[in-house]
Q: 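Supplied in structure tokens, the structure appears directly below.
When a ligand or atom number is given, it counts from 1 through the structure's own listing order.
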Amino acid sequence: MTVQRESAPTPAGTDNQIEVKGLNKRFGAGDGVVALENVDLTVRRGEFVAILGPSGCGKSTLLMITAGLTPPSSGSVVVDGKKVTRPLTEVGIVFQRDLLFDWRTVLGNVMLQADIRGLDRNASREKALQLLETVGLRGFADRRPWELSGGMRQRVALCRALLHDASLLLLDEPFGALDAITRDQINLDLQKIWLATGCTAVMVTHSISEAIFLADRVVVMSPRPGRIAQDVTIDLPRPRTVEMRDTPRFAAYQATLRDAIMH
Ligand SMILES: Nc1ncnc2c1ncn2[C@@H]1O[C@H](COP(=O)(O)OP(=O)(O)OP(=O)(O)O)[C@@H](O)[C@H]1O
Ligand SMILES: [Mg+2]
């Protein structure tokens, strides 16, 4: 795959892929938990948005509602101009746990996406192998998930989420369990794929530096009930490099976001 763009392709407000308006989510009746309160969020097509926030502030709930996997209590999510009322098909999701199947090979796990969707097997196989190549796993196509490390497994899950050319990638703390060095490498892989495919990405993470490294914008949510507390544009050139994290600009973003999370 080749890098086709240097930065998010569209200027502000011209082409929104996701529009969250006045979103509320309450779990249970009466004294139930208010997970989200009056959340507004707009994500432009092709943008990479990271979501930071304390545990329990509703980040996963927001992703699940966006994907159409959980209904909101009130308010709306519009994706590609259509109100979300059922599970989206044009979406790729990577969960915190990789959900690979041990009885399938690595390639078989990526191909699950094609099997579920009834996509052309030959074309999908080609695409799956190409994706595995991009993340350095082509040589492991015939192995089983239990033969892989945690980082390799997450890469397989990422390939599966990308197989059907989803225009929207939703990532819920996909790399939280990985060591720092593996995480750096997988972040570089993810950036490469995002740059090459032009997809929109929304990623929940607990890592401030991962958020800055990957995102065009970092959204900070407040503790329960979850609200959008800050929306910080990350104006660093693409492709981002590991060395950029040692620059004063990167450190300034870190300070801003740390401050936002504390308040
Ligand atoms: N299916 C559910 N039933 C009842 N309550 C739920 C359900 N899902 C989430 N909640 C509650 O909603 C709140 C937000 O949960 P959510 O999983 O969205 O948080 P989060 O920000 O993703 O947290 P973490 O960073 O720990 O993953 C929590 O108080 C949680 O207990
Ligand atoms: Mg969560």
Side-chain angles (χ1 to χ4, degrees), residues 18-43 48-79 84-88 91-100 150-151 153-154 157-158 160-161 166 168-180 182-183 186-187 190 200-215 217-232 254 257-263:
I18 304 175
E19 287 174 347
V20 176
K21 285 210 186 92
L23 195 68
N24 293 286
K25 179 68 182 181
R26 173 188 288 272
F27 287 105
D31 290 339
V33 176
V34 178
L36 296 171
E37 189 172 81
N38 206 18
V39 170
D40 291 316
L41 179 67
T42 300
V43 178
F48 198 124
V49 171
I51 300 178
L52 282 173
S55 182
C57 76
K59 304 178 296 296
S60 296
T61 304
L62 180 58
L63 283 198
M64 294 297 270
I65 294 174
T66 303
L69 297 170
T70 306
S73 300
S74 63
S76 64
V77 178
V78 171
V79 173
V84 175
T85 53
R86 61 173 71 90
L88 295 180
V91 70
I93 307 179
V94 182
F95 298 95
Q96 185 163 13
R97 286 183 53 230
D98 60 45
L99 305 176
L100 300 182
R153 293 176 64 109
Q154 282 299 12
L158 187 58
R160 184 173 61 194
L168 175 60
L169 194 55
L170 301 176
L171 307 141
D172 194 355
E173 295 183 50
F175 315 134
L178 306 180
D179 67 87
T182 307
R183 199 161 174 162
I186 215 165
N187 280 336
L190 176 57
T200 307
V202 180
M203 177 180 187
V204 170
T205 174
H206 277 122
S207 162
I208 293 175
S209 69
E210 181 172 81
I212 300 168
F213 182 80
L214 285 167
R217 272 164 61 212
V218 180
V219 170
V220 179
M221 288 178 68
S222 64
R224 236 173 13 230
R227 298 197 193 102
I228 307 293
Q230 284 250 22
D231 193 327
V232 179
Q254 269 178 314
L257 289 167
R258 240 190 329 259
D259 199 49
I261 289 167
M262 297 300 202
H263 291 93

Q: In the protein, which heavy atom is nearest to atom 6 (C) of ligand 1, and how far is it?
A: F27 CD1, 3.3 Å
Q: For K25 and P71, indicate whether the former's side chain and the latter's backbone hold a donor-acceptor pair under 3.5 Å.
A: yes
Q: When you look for heavy atoms under 4.0 Å from ligand 1, do you find them on the side chain of M221, its backbone, both, or neither?
A: neither
Q: Check each of L36, L23, V33 against T61 using the side-chain contact (heavy atoms from CB on, under 4.5 Å) test, and report the only one that passes.
A: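 Of the listed options, the one satisfying the test is L36.
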Q: Starting from atom 17 (O) of ligand 1, which protein heavy atom do you reach first, and at what distance in Å?
A: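 The protein heavy atom lying closest is S60 CB, 3.7 Å.
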Q: Any donor-acceptor pair under 3.5 Å linking the side chain of S222 with the backbone of A229?
A: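 No: the side chain of S222 does not pair with the backbone of A229.
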Q: Only heavy atoms of H206, strictly under 4.0 Å: list the atoms of ligand 1 that pass.
A: 25 (O)
Q: E19 side chain to V78 main-chain N or O, any donor-acceptor pair under 3.5 Å?
A: no
Q: Could you tell me whether C57 and ligand 1 have an N or O pair separated by under 3.5 Å?
A: yes
Q: Hey, are N24 and S74 close enough side-chain-wise for a donor-acceptor pair under 3.5 Å?
A: yes
Q: Please say whether G56 places an N or O atom under 3.5 Å from an N or O atom belonging to ligand 1.
A: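 Yes, there is a polar N/O contact under 3.5 Å.
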Q: Students should be able to answer this: which protein heavy-atom is nearest to atom 25 (O) of ligand 1, and at what distance?
A: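 Nearest neighbour among protein heavy atoms for atom 25 (O) of ligand 1, to 0.1 Å: K59 NZ, 2.7 Å.
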Q: Measure from the Mg ion (ligand 2) to each N, O or S atom of T61 and report whether any distance is below 2.8 Å.
A: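 Coordinating: no.
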Q: Looking only at distances, can you tell me whether any N or O atom of G53, backbone or side chain, sits closer than 3.5 Å to an N or O atom of ligand 1?
A: no
Q: Students should be able to answer this: which protein heavy-atom is nearest to atom 27 (O) of ligand 1, and at what distance?
A: E173 OE2, 3.5 Å
Q: Among all protein heavy atoms, pick the one closest to atom 29 (O) of ligand 1 and tell me residue, atom and distance.
A: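 Here the closest protein heavy atom is R224 NH1, 2.9 Å.
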Q: Check whether any protein heavy atom sits under 4.0 Å from atom 11 (C) of ligand 1.
A: yes
Q: To the nearest 0.5 Å, how far apart are CD1 in I18 and OG1 in T200?
A: 6.5 Å
Q: Could D172 and K59 be called an ion pair, given the rule that one side-chain N must be under 4.0 Å from one carboxylate O?
A: no
Q: Measure the distance from atom 30 (C) of ligand 1 to every protein heavy atom, then report the residue, atom name and distance (to 0.1 Å) of the closest one.
A: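 Answer, as residue, atom name and distance: V33 CG1, 4.8 Å.
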Q: Near T61, which atoms of ligand 1 are under 4.0 Å from a heavy atom of that residue?
A: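 Once the distances to T61 are compared, the set is 14 (C), 15 (O), 16 (P), 18 (O).
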Q: Please assess V20 against I228 for the test side-chain contact (heavy atoms from CB on, under 4.5 Å), listing each intermediate value before the final yes or no.
A: CA-CA 11 Å; V20 176; I228 307 293; over 6 Å; no
Q: Taking 4.0 angstrom as the limit and counting only heavy atoms of G58, give me the atoms of ligand 1 inside it, by number and element.
A: 14 (C), 16 (P), 18 (O), 19 (O), 20 (P), 21 (O)
Q: Would you mind checking which non-hydrogen protein atom is closest to atom 26 (O) of ligand 1, with the distance to 0.1 Å?
A: S55 OG, 2.5 Å
Q: Hey, what do you get for CG (L100) to CZ (R160), rounding to the nearest 0.5 Å?
A: 5.5 Å
Q: Rounded to the nearest 0.5 Å, what's the gap from CG on L52 to CD on E210? Could you check?
A: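 Here the interatomic distance stands at 9.5 Å.
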